[in-house]
Amino acid sequence: MNDVITTLTSHRSFRKYKDQQIPNDHLDAILNSAQSAPSWIHGQQVSIIVIQDKERKEKLADYCGNQKHIIEAPTFLVFCADFNRAKIASEIEKVPFNAINDTDMLLVGATDVGIALSNAIAASESLGLGTVPIGGIRRKPLNVIELLNLPKYVIPIAGLCVGYGLNDPGLNPRLPKNAFVHNEEYDNNQASYINTYNETFRQHQLKKSNGERDVTWTNKISGFYKEQHYNHNYSEVPTMLKQQGFTCKDIEK
């Protein structure tokens, strides 16, 4: 074990923060770490919008489903998949920008954001800060795009609260390693691993809530996935993608 691995394996999600802004040199280190992440073809398809203005955080908290910790966190980072620079490069070189019509561009953008986001989380936590990623940034993406003045070919993928965390939630138990790590080919014994994990998760929830929350992992996950999110919280995503130039025309072929 070393300090890097200790940081990575000690992650927890904080939803309460001190009323204390993080130092500028810490923020610079976090942003530099995120920018140093690898990207597909070195296209650097990620942009981060740094939000510290309270009024703007309040609006984003509302757009993200009334997540108050966005307001409480001194700094909120919005991670965007950004193909605007690729479009500009195409214009400079006077060549078509046809790849944006491919569905794979969505995977490229989301993957690059995920890698940069992971770097930012690790850097933040190595500096003694707390974080929590926010997928709810896609609940009202049209509002987010307008608020942050995002140009075409740029889409918000995830947010990240960063600050001095309060009320340490502790580590959540993970699935058995056999469920996560597959040797040579996929291990389809998942139901057995999940059934074992259900009780571990249940006991953790009971302890964490002083006996008030009696729920298994499958209770939680199945409840989340029983509804189509397109018809519920994330109904604007298809409209947002089309508006921002992600046509996915290759699907129609």
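These numbers come from a predicted model, not from an experiment.
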Original post:
Any side-chain donor paired with an acceptor under 3.5 Å for Asn119 and Ser33?
Top reply: no
**OP:** Assess the side chains of Thr6 and Asp3: does a donor N or O sit below 3.5 Å from an acceptor N or O?
**Re:** no
Would a hydrophobic clustering, with Ile, Leu, Val, Met, Phe, Trp and Tyr connected at side-chain separations under 4.5 Å, put [X] with [Y]?
X      : Y      : answer
Ile41  : Tyr153 : yes
Leu148 : Leu142 : yes
Leu107 : Ile157 : no
Ile115 : Ile137 : no
Phe224 : Ile194 : yes

**OP:** Evaluate the ring planes of Tyr17 and Phe14, with Trp represented by its six-membered ring, and classify them as parallel (under 30°), tilted (30 to 60°) or perpendicular (over 60°).
**Re:** tilted
Original post:
Do you know the tightest heavy-atom contact between Asn172 and His204?
Top reply: OD1-NE2, 3.1 Å
**OP:** Identify the two heavy atoms, one from Arg56 and one from Leu147, that lie closest to each other, and give their separation to 0.1 Å.
**Re:** NH1-O, 2.9 Å
Original post:
Taking only residues two or more places apart in sequence, or in another chain, which ones meet Gln45 in a side chain to side chain donor-acceptor pair (under 3.5 Å)?
Top reply: Asp112
**OP:** Could you check Val162 against Ile30 for side chain to side chain contact (heavy atoms under 4.5 Å, CB included), going step by step and ending with a plain yes or no?
**Re:** CA-CA 10 Å; Val162 184; Ile30 294 164; 4.1 Å; yes
Subject >> side chain to side chain contact (heavy atoms under 4.5 Å, CB included) between Asn84 and Val154, worked out >> reply: CA-CA 6 Å; Asn84 178 50; Val154 179; 3.7 Å; yes
**OP:** Assert yes or no for the condition that the ring centre distance of Phe97 to Phe83 is strictly below 6.0 Å.
**Re:** no
Should we count [atom1] of [X] as having more than 12 external heavy atoms under 6.0 Å?
X      : atom1 : value
Gln20  : CD    : yes
Lys59  : NZ    : no
Asp168 : CG    : yes
Asp19  : CG    : no
Asn24  : CG    : no
Lys220 : NZ    : no

Subject >> Test item: Met240 and Lys140 side chains (from C-beta on) under 4.5 Å apart, heavy atoms >> reply: no
Original post:
Can you tell if the side chain of Leu27 reaches within under 4.5 Å of the side chain of Val50, non-hydrogen atoms only?
Top reply: yes
Original post:
Between Leu60 and Val144, does a side chain to side chain contact (heavy atoms under 4.5 Å, CB included) hold up when you go through it step by step?
Top reply: CA-CA 7 Å; Leu60 288 168; Val144 173; 4.1 Å; yes
**OP:** Decide yes or no on side-chain hydrogen bond (donor to acceptor under 3.5 Å, both in side chains) for Asn195 and Ser192, but give the supporting numbers first.
**Re:** CA-CA 5 Å; Asn195 283 326; Ser192 174; over 6 Å; no
**OP:** With side-chain hydrogen bond (donor to acceptor under 3.5 Å, both in side chains) as the test, would you mind laying out the steps for Ser10 and Glu125 before giving the verdict?
**Re:** CA-CA 9 Å; Ser10 301; Glu125 294 177 353; over 6 Å; no
**OP:** Take Phe79 and Leu117 through the side chain to side chain contact (heavy atoms under 4.5 Å, CB included) test and state the conclusion after the steps.
**Re:** CA-CA 7 Å; Phe79 287 73; Leu117 176 65; 3.6 Å; yes
**OP:** Check the pair Arg139 / Ser235 against side-chain hydrogen bond (donor to acceptor under 3.5 Å, both in side chains), numbers first and verdict last.
**Re:** CA-CA 7 Å; Arg139 281 178 176 248; Ser235 60; over 6 Å; no
Original post:
Salt bridge or not for Lys87 and Glu91, using N-O below 4.0 Å?
Top reply: yes
